[in-house]
Engineer: 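Before I ask anything, let me first share the structure, which is written out below as structure tokens.
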Number of protein chains: 2
Amino acid sequence: MSGTKAPGWLAIEAEVLRRIHSRDWPPGSAIPNEADLAADFGVARATVNRALQSLAESGILDRRRKAGTRVALHPVRKATLNIPILRHEIEAQGMVHGYTLVSQQESAAPPQVTSALRLPDGTSLMHLRALHLADNRPYAYEDRWLNTAAVPGIAEVDLSLINANEWLVANAPFTAGDFALSATSADATEAAALGTPVGTALLTLERTTWNGGEPITWVMLCFAPGHRMRTEL
Amino acid sequence: MSGTKAPGWLAIEAEVLRRIHSRDWPPGSAIPNEADLAADFGVARATVNRALQSLAESGILDRRRKAGTRVALHPVRKATLNIPILRHEIEAQGMVHGYTLVSQQESAAPPQVTSALRLPDGTSLMHLRALHLADNRPYAYEDRWLNTAAVPGIAEVDLSLINANEWLVANAPFTAGDFALSATSADATEAAALGTPVGTALLTLERTTWNGGEPITWVMLCFAPGHRMRTEL
DNA sequence: CAGTGGTCTAGACCACGAT
DNA sequence: TCGTGGTCTAGACCACTGA
């Protein structure tokens, strides 16, 4: 009963996908277990396992011990966005990256930040504001609160020369993080930094990171108008 | 020289991560080959392979035949956004989903749409506009162009009763797609549909899908003000 | 050419969880 | 309880690619 004869677990994956799309295995239905499929395809069970695990990771299949493998009723599409270092993102477009530290001072973080970092209200953190430029034009405005106590070595770094994020990814790994995208209207500060009218729609990225329960940083990035984050599905 | 004794490829992954974070294996450096690591850890090579493949998928490691495995210089963070069916997203928040088809008509698609779908300029497509409601309040405005010729069966569907996307995911699988997020200012139509002032910042999602080279649909979703797309890292 | 990761096999044991 | 997927093993061959 084998379908394709091509080698490789990718062929198995493709054949399973074909049977799903062709309605041999409609959404919600159970498919044969790994051992049976391995016999059908004439391969080892481990090979089938790899194919099915890949499809499960994509959300196409639901797998549970004892219950078996089923075609997902509502395949939840997953879009994987690459979040590169801004300098690389800009240079990849053939532009020159520029970086300007607008302000740096220790002060009490606002409730929005402390709650995101799960720190007590009023905790004092290092507040950084910076502007990223692409070919000398504003690219993104960065508002960051940094828990210097949790990042040894950051105190000696001149953050007007190196972008905080770039230093952090190279020197302070994180183990967990939150990430959110939204659209916001430019306030006076952001508008001035990005050279746009107040109220312009800005794509805004917020990220909070921890290292083993220790809060590292909260950062908000407002991209210049028209910015798009793309990916393939 | 084994580090941890805990079983499982996850333990291997954790130990490798530990060595990277602890600077035993600094960014850019090569790490031992799979066979050596397997001997060090006292496991089979396949187990090491699984751990290293997982880290490579995360962007932590760069692997190439013959060249070996290296710690990535610039770990590109990947944020995986779940793009569920809107009805599920709304119901998951304990709200009631509503759906209203605003308009449906066949007409020539604008250049923006035809070029995204890689169709000839002026191709006639089915144009759908709809509104998604959560507890009777506007949740997202949908503007869709549908290539009915590529989706057999869609002609008989009453799209005022079932959301086009929901029908498509269940009946018309796609093999490739483009996906983009941006921030836009609400135009008159969007503002009226969402009940917000013109110019409000809206998080906007665009998606184009194909099935084996055959264009299926182009859709733009404008979420109500304040909408956030979140994920963990 | 030769070293490395990519994959496959046949078999085994185990953990989970539906019944 | 016991079927199912999850994982591991020891060994093997192959594909790619740096030297």
Side-chain angles (χ1 to χ4, degrees), chain A residues 1-17 19-20 24-25 27-73 75-76, chain B residues 1-17 19-20 24-25 27-73 75-76:
Chain A
M1 300 290 177
S2 69
T4 55
K5 286 214 176 78
W9 65 271
L10 284 170
I12 306 282
E13 181 181 29
E15 172 61 12
V16 171
L17 262 184
R19 295 190 185 182
I20 293 173
D24 286 346
W25 294 336
S29 67
I31 77 176
N33 67 33
E34 292 187 349
D36 289 347
L37 285 175
D40 277 357
F41 289 128
V43 300
R45 185 168 77 94
T47 306
V48 172
N49 183 278
R50 268 177 111 80
L52 297 190
Q53 278 204 343
S54 168
L55 290 169
E57 221 174 321
S58 308
I60 307 289
L61 295 177
D62 273 342
R63 317 194 74 197
R64 268 147 49 205
R65 283 167 157 126
K66 168 72 180 180
T69 301
R70 293 180 165 276
V71 181
L73 239 7
V76 175
Chain B
M1 294 288 180
S2 70
T4 55
K5 285 214 178 79
W9 65 271
L10 284 169
I12 306 283
E13 182 181 26
E15 171 62 12
V16 170
L17 262 183
R19 295 191 185 181
I20 292 173
D24 287 344
W25 294 336
S29 67
I31 78 175
N33 66 33
E34 292 187 348
D36 289 348
L37 284 175
D40 277 357
F41 289 129
V43 300
R45 184 167 79 93
T47 306
V48 172
N49 183 281
R50 269 178 109 81
L52 298 191
Q53 277 203 343
S54 168
L55 291 169
E57 224 174 321
S58 308
I60 307 290
L61 294 178
D62 274 341
R63 316 195 74 197
R64 270 150 45 206
R65 285 170 158 115
K66 167 73 179 182
T69 301
R70 294 181 164 275
V71 181
L73 241 3
V76 174

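Just the heavy atoms: all of them, side chains too, but no hydrogens, waters or symmetry mates, feed the values below. Reminder, nothing fancy here: chain letters follow the sequence lines and each chain counts from 1.
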Engineer: Within this structure, what is the CG-to-P distance between A/Asn33 and C/dA18, rounded to whole angstrom?
Structural biologist: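 Value for this atom pair: 17 Å.
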
Engineer: Can you pull out the residues from residues 49-57 of chain A that lie within a 4.0 Å heavy-atom distance of DNA chain C?
Structural biologist: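 Listed by number, they are A/Arg50.
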
Engineer: To the nearest Å, how far apart are A/Asp36 CG and D/dG3 C1'?
Structural biologist: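 Computing the A/Asp36:CG to D/dG3:C1' distance gives 12 Å.
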
Engineer: Just the rounded figure in Å: distance from C1' of C/dT9 to CZ of A/Phe41.
Structural biologist: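 So the two atoms are 17 Å apart, to the nearest Å.
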
Engineer: Find out whether B/Arg63 and B/Gln53 are in side-chain contact, i.e. whether some heavy atom of one side chain is under 4.5 Å from a heavy atom of the other.
Structural biologist: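 Yes, at least one pair of side-chain atoms sits under 4.5 Å.
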
Engineer: Would you check, one step at a time, whether the test side-chain contact (heavy atoms from CB on, under 4.5 Å) holds for B/Thr69 with B/Leu55?
Structural biologist: CA-CA 11 Å; B/Thr69 301; B/Leu55 291 169; over 6 Å; no

Engineer: Given atom CD of B/Glu34 and atom C1' of C/dT4, what is their separation to the nearest angstrom?
Structural biologist: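 It works out to 8 Å between those atoms.
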
Engineer: What do the steps show when you test B/Ile31 against B/Ile20 for side-chain contact (heavy atoms from CB on, under 4.5 Å), and what is the final call?
Structural biologist: CA-CA 10 Å; B/Ile31 78 175; B/Ile20 292 173; 5.8 Å; no

Engineer: Walk along nucleotides 10-19 of chain D from 5' to 3' and tag each nucleotide B, S or - by protein heavy-atom contact under 4.0 Å, base first, then sugar-phosphate.
Structural biologist: --B--BBBB-

Engineer: Which residues satisfy the side chain to side chain contact (heavy atoms under 4.5 Å, CB included) test with A/Ser29, sequence neighbours excluded?
Structural biologist: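 A/Ser29 satisfies side chain to side chain contact (heavy atoms under 4.5 Å, CB included) with A/Trp25, A/Pro26, A/Val71 once adjacent residues are dropped.
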
Engineer: Take atom CZ of A/Arg70 and atom C1' of D/dT4, then tell me their distance rounded to the nearest Å.
Structural biologist: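 My rounded result for the distance is 13 Å.
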
Engineer: Once salt bridge (charged side-chain N to carboxylate O under 4.0 Å, His left out) is applied, what residue pairs with a partner in residues 43-56 of chain B remain, sequence neighbours excluded?
Structural biologist: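 Output for this query lists B/Glu34-B/Arg45.
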
Engineer: Sequence neighbours excluded, which residues qualify as side-chain hydrogen bond (donor to acceptor under 3.5 Å, both in side chains) partners of B/Thr47?
Structural biologist: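 Per chain and number, B/Thr47 pairs via side-chain hydrogen bond (donor to acceptor under 3.5 Å, both in side chains) with no residue.
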
Engineer: For C/dG5 and B/Thr69 - does any side-chain N or O of the residue sit under 4.0 Å from the phosphate oxygens OP1/OP2?
Structural biologist: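 It does, given that an N or O in the side chain of B/Thr69 lies less than 4.0 Å from OP1 or OP2 of C/dG5.
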
Engineer: Can you confirm whether A/Leu37 sits close enough to A/Ile12 that some side-chain heavy atom of one is under 4.5 Å from a side-chain heavy atom of the other?
Structural biologist: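 Of all side-chain heavy-atom pairs linking A/Ile12 with A/Leu37, none is under 4.5 Å.
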
Engineer: Could you list the residues that satisfy side-chain hydrogen bond (donor to acceptor under 3.5 Å, both in side chains) with B/Asp24, not counting sequence neighbours?
Structural biologist: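 Partners of B/Asp24 by the side-chain hydrogen bond (donor to acceptor under 3.5 Å, both in side chains) criterion, ordered by chain and then number, come out as B/Ser22.
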
Engineer: Nearest whole angstrom, please: distance from the C1' of C/dT7 to the CZ of B/Arg63.
Structural biologist: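 Going from B/Arg63 (CZ) to C/dT7 (C1'), I get 12 Å.
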
Engineer: Please report the interatomic distance CG(B/Asn33) to NZ(B/Lys66), rounded to the nearest 0.5 Å.
Structural biologist: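 So the CG of B/Asn33 and the NZ of B/Lys66 are separated by 11.5 Å.
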
Engineer: Looking at B/Thr47, I'd like to know whether one of its side-chain N or O atoms comes within less than 4.0 Å of OP1 or OP2 on D/dT9.
Structural biologist: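 Yes, B/Thr47 has a side-chain N/O under 4.0 Å of OP1/OP2 on D/dT9.
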
Engineer: Whole angstrom is fine here: how far is it from CG in A/Leu37 over to P in C/dC8?
Structural biologist: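 Answer to the nearest Å: 15 Å.
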
